[in-house]
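Read the structure below first, then the notes.
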Amino acid sequence: SMFYKLMNAKDFKSGQVREARLLLKEMAERGWIVGAIYYNILISKLCRTGQTAQACCLLEDMLEEGPTPDVITYSTFISGLCKGGQVTEAFQIFETMKANNCAPNTITYNTLIHHVGKVGRIVDGCKLFEEMKTTHTRPDLVTFTCLISGLCKAGRIEEALHKFYDLKTEGLSADVVIFNTLMDGLGKAGRTEEAGELLSLMKSNGVRPDLVTYNTLIDGVGKEGRIDMAFSYFEEMKSREITPD
RNA sequence: AUAUGUUUAGACA
């Protein structure tokens, strides 16, 4: 019952975290199998409330005497650290992960590539992408979205376009998020003509434009003062009966 | 009751 409450709790006071750690240890001592998932749930909740130091204590418990942390444990914590702006610490945990023979998966890499891109360090994202190749970790559409977004943010539009073309090589086909991301990058770089061409391309590829697509295009041409184009995208959006999800 | 991606005017802090 105490255990049940812990797993359903929305937030924790620091005293409660101490109690939780003791409870999990006691359960293990009494012969219960306490799986990594229960630690993962607590780590996720603690990160969401900004208590990354407490989350780190749980990871340490796992490494010392608890269930072996799995790829979800590390990815959860890495994501939580990044969201709190602790990207450096996230990379330290990434190293800890490897040192403990836990192989990062696509999601682990995607999380890191996303956050380095956000803080303008896509160079590091590209290194991670290379590392994925050497570790035979297959990139997916999320990987490419993060790379394209990060490259555009760093002003490296040509390389972003290259990544877009590389999708086919990887056996992937661009989805609406990939198109939206690239159109946003082009628009913010003043290349709204190309963004408009992508709208045609996505349609001919059978990818349905959504509300974000049109918001992105309208924002792009709007900032260039092309009110006529903004209206035409708006009209097209209405005619297509786009609805927010 | 566990982990990753795209657009933004305003208000709040």
Side-chain angles (χ1 to χ4, degrees), chain A residues 3-10 20 24 34-49 52 55 58-59 62 67 69-83 87 90 93-94 97 102-118 122 125 128-129 132 137-153 160 163-164 167 172 174-188 192 195 198-199 202 207-223 230 233-234 237 242 244-245:
Chain A
F3 180 75
Y4 179 90
K5 275 182 194 163
L6 268 180
M7 293 303 142
N8 288 292
K10 290 261 178 286
L24 293 175
V34 181
I37 181 172
Y38 302 109
Y39 279 84
N40 296 351
I41 289 166
L42 295 177
I43 289 171
S44 170
K45 289 178 187 296
L46 287 168
C47 286
R48 254 178 244 152
T49 54
T52 52
L58 281 166
L59 176 60
M62 293 176 86
D70 60 18
V71 64
I72 298 186
T73 312
Y74 288 108
S75 300
T76 302
F77 194 33
I78 286 170
S79 170
L81 286 167
C82 288
K83 282 177 184 157
V87 178
I93 298 301
F94 187 54
M97 173 179 197
C102 181
N105 65 13
T106 303
I107 296 183
T108 320
Y109 282 106
N110 290 350
T111 304
L112 285 167
I113 294 171
H114 174 231
H115 284 96
V116 295
K118 272 184 80 154
I122 196 56
L128 288 163
F129 186 63
M132 291 179 81
T137 311
R138 296 216 67 87
D140 62 10
L141 286 173
V142 177
T143 315
F144 278 91
T145 302
C146 298
L147 286 168
I148 290 170
S149 161
L151 286 167
C152 287
K153 215 152 284 178
K163 291 296 178 206
F164 177 72
L167 280 170
L172 299 167
D175 67 0
V176 64
V177 178
I178 293 275
F179 277 105
N180 292 347
T181 304
L182 195 51
M183 288 187 324
D184 180 55
L186 287 168
K188 285 188 163 65
T192 52
L198 277 180
L199 177 63
M202 76 189 285
V207 179
R208 301 195 68 82
D210 64 8
L211 193 62
V212 174
T213 310
Y214 288 103
N215 284 345
T216 303
L217 288 166
I218 290 168
D219 184 61
V221 293
K223 280 176 179 151
Y233 284 134
F234 184 68
M237 181 177 94
I242 303 287
D245 313 299

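Residue numbers begin at 1 in each chain, while the letters A, B, ... track the order of the sequences.
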Assign [X] to base, sugar-phosphate, or nothing according to its heavy-atom contacts below 4.0 angstrom with the strands shown.
X	answer
A:Y214	nothing
A:L141	base
A:Y109	nothing
A:N105	base

Which heavy-atom pair separates A:V207 from A:D175 by the least distance, and what is that distance?
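Taking every non-hydrogen atom into account, CG1-C, 3.9 Å.
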
Out of [options], whichever nucleotide has its closest atom nearest the side chain of [X]:
X	options	answer
A:N8	B:U2, B:U4, B:A1	B:A1
A:N40	B:U2, B:A1, B:U4	B:U2
A:N110	B:U4, B:A1, B:G5	B:U4

Return the value, rounded to whole Å, for the distance between atom [atom1] of [X] and atom [atom2] of [N].
X	N	atom1	atom2	value
A:F77	B:U4	CZ	P	15 Å
A:I113	B:A3	CD1	C1'	15 Å
A:D140	B:A3	CG	P	16 Å
A:L6	B:U2	CG	C1'	14 Å
A:M62	B:A3	CE	P	14 Å
A:F234	B:A9	CZ	P	16 Å
A:L128	B:U4	CG	C1'	13 Å
A:L59	B:U2	CG	P	19 Å

Give the intermediate values and the outcome of side-chain contact (heavy atoms from CB on, under 4.5 Å) for residues A:N40 and A:S44.
CA-CA 6 Å; A:N40 296 351; A:S44 170; over 6 Å; no

Are [X] and [N] close enough that a side-chain N or O sits under 4.0 Å from OP1 or OP2?
X	N	value
A:K5	B:A1	no
A:K83	B:A3	no
A:R48	B:A3	yes

Ring-ring centroid check A:F164 A:F179, cutoff 6.0 Å
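Here the rings of A:F179 and A:F164 have centres that are less than 6.0 Å from each other.
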
Give me the distances for all protein-to-nucleotides 6-8 of chain B N/O pairs that come in under 3.5 Å?
residue: B:U6; atom: OP1; partner: A:H114; partner atom: NE2; Å: 3.4
residue: B:U6; atom: O4'; partner: A:T181; partner atom: OG1; Å: 3.1
residue: B:U6; atom: O2; partner: A:N180; partner atom: ND2; Å: 2.8
residue: B:U7; atom: O4'; partner: A:T216; partner atom: OG1; Å: 3.1
residue: B:U7; atom: O3'; partner: A:K188; partner atom: NZ; Å: 3.3
residue: B:U7; atom: O2; partner: A:N215; partner atom: ND2; Å: 3.1
residue: B:U8; atom: OP1; partner: A:K188; partner atom: NZ; Å: 2.6

A:Y38: partners by ring pair (Phe, Tyr, Trp, His ring centres under 6.0 Å), with sequence neighbours left out:
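For A:Y38, the residues satisfying ring pair (Phe, Tyr, Trp, His ring centres under 6.0 Å) (neighbours in sequence not counted) are A:F3.
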
Per-residue pairing states of RNA chain B in dot-bracket (Watson-Crick or G-U under 3.5 Å; . unpaired, | other strand) read .............

[X] (side chain) donor-acceptor with [Y] (main chain) under 3.5 angstrom:
X	Y	result
A:T145	A:L141	yes
A:T213	A:D210	yes
A:K153	A:G117	no
A:S149	A:C146	no

Taking only residues two or more places apart in sequence, or in another chain, which ones meet A:D70 in a salt bridge (Lys or Arg N to Asp or Glu O under 4.0 Å)?
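With neighbours one apart ignored, the set is empty.
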
A:T143 and A:D140 side chains, donor-acceptor separation under 3.5 Å:
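Present: a donor and an acceptor within the cut-off.
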
Of A:T73, A:T108, A:I107, A:V87, the residue whose pairing with A:I78 passes side chain to side chain contact (heavy atoms under 4.5 Å, CB included):
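Exactly one pass, corresponding to A:T108.
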
Using the test side chain to side chain donor-acceptor pair (under 3.5 Å), find all partners of A:D184 that sit at least two apart in sequence or belong to another chain.
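In terms of side chain to side chain donor-acceptor pair (under 3.5 Å), with neighbours along the sequence ignored, A:D184 is linked to A:K188.
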
Take A:M7 and A:L42, measure what side-chain contact (heavy atoms from CB on, under 4.5 Å) needs, and give me the verdict at the end.
CA-CA 7 Å; A:M7 293 303 142; A:L42 295 177; 4.1 Å; yes

Every protein N/O within reach of nucleotides 10-13 of chain B N/O, cut-off under 3.5 Å:
none

